[in-house]
Student: 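Can you keep this structure in mind? I'll have questions shortly.
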Amino acid sequence: MGAYTAHWDAFRKNSLKGLWYLGLLLVIGLPGTALVAYGVNQFTGEYPFHLHVGLLSVWLVAFTWLAIRYSRVVCPRCR
């Protein structure tokens, strides 16, 4: 066993957890923005373009943040 085996095992486990979070955000979050826009469209009668673009922007920021957070490698020696 190497000196950093536990560190890389924890990194692998954390990366897998991040992949699950990204998958859930992709499968639930992206259609969720469309469903909210559709619901507002049904309620008001006109397409809420600014709301949909805003929700998509928030989704994109969350997706990018999760991707960066769970793919970052911390050096086990110097942190």
Student: Applying the 4.5 Å side-chain criterion to the ILVMFWY set and letting contacts propagate, would L55 and L25 be lumped into a single cluster?
Tutor: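 Looking at the clustering, L25 is in a separate group from L55.
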Student: To the nearest 0.5 Å, what is the distance between CZ (F43) and OH (Y38)?
Tutor: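 Going from CZ on F43 over to OH on Y38, the span is 14.5 Å.
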Student: Please report the interatomic distance CZ(F63) to CG(L22), rounded to the nearest 0.5 Å.
Tutor: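 Nearest 0.5 Å value for the CZ-CG distance: 4.5 Å.
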Student: For the CH2 atom on W20, are there more than 12 heavy atoms of other groups (residues, nucleotides or ligands in this structure) within a distance under 6.0 Å?
Tutor: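 No, because the 6.0 Å sphere around CH2 of W20 holds 12 heavy atoms or fewer from other groups.
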Student: Please check if the number of heavy atoms outside Y21 that lie under 6.0 Å from its OH is greater than 12.
Tutor: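 Check fails, neighbour count at 12 or below.
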Student: Identify the two heavy atoms, one from L26 and one from P31, that lie closest to each other, and give their separation to 0.1 Å.
Tutor: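 Result for this residue pair: O-CD, 3.5 Å.
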Student: Spell out, yes or no, whether V61 and V36 are grouped together once hydrophobic residues are joined by side-chain heavy atoms under 4.5 Å, including indirect joins.
Tutor: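 In one cluster: no.
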Student: Going from CH2 on W59 to OG1 on T64, what distance comes out if it is rounded to the nearest 0.5 angstrom?
Tutor: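 If I round to the nearest 0.5 Å, the distance is 8.0 Å.
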Student: With a 3.5 Å distance limit and no angle check, can you tell me whether H52 reaches the backbone of Y47 through a side-chain donor-acceptor pair?
Tutor: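 Not a single qualifying donor-acceptor pair exists.
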Student: So, taking the atom named CZ in R12 and the one named NE2 in H7, what distance separates them when rounded to the nearest 0.5 Å?
Tutor: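 It is 11.0 Å, given to the nearest 0.5 Å.
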Student: Rounded to the nearest 0.5 Å, what separation is found between the OG1 atom of T33 and the CD1 atom of I28?
Tutor: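 So the gap between those two atoms works out to 12.5 Å.
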Student: Determine, using the 4.5 Å side-chain heavy-atom cutoff (strictly less than), whether Y70 and L60 are members of one ILVMFWY cluster.
Tutor: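 In one cluster with Y70: L60, yes.
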Student: Roughly how far, to the nearest 0.5 Å, is CG of L35 from CD of Q42?
Tutor: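 Answer for the CD-CG pair, Q42 versus L35, is 11.5 Å.
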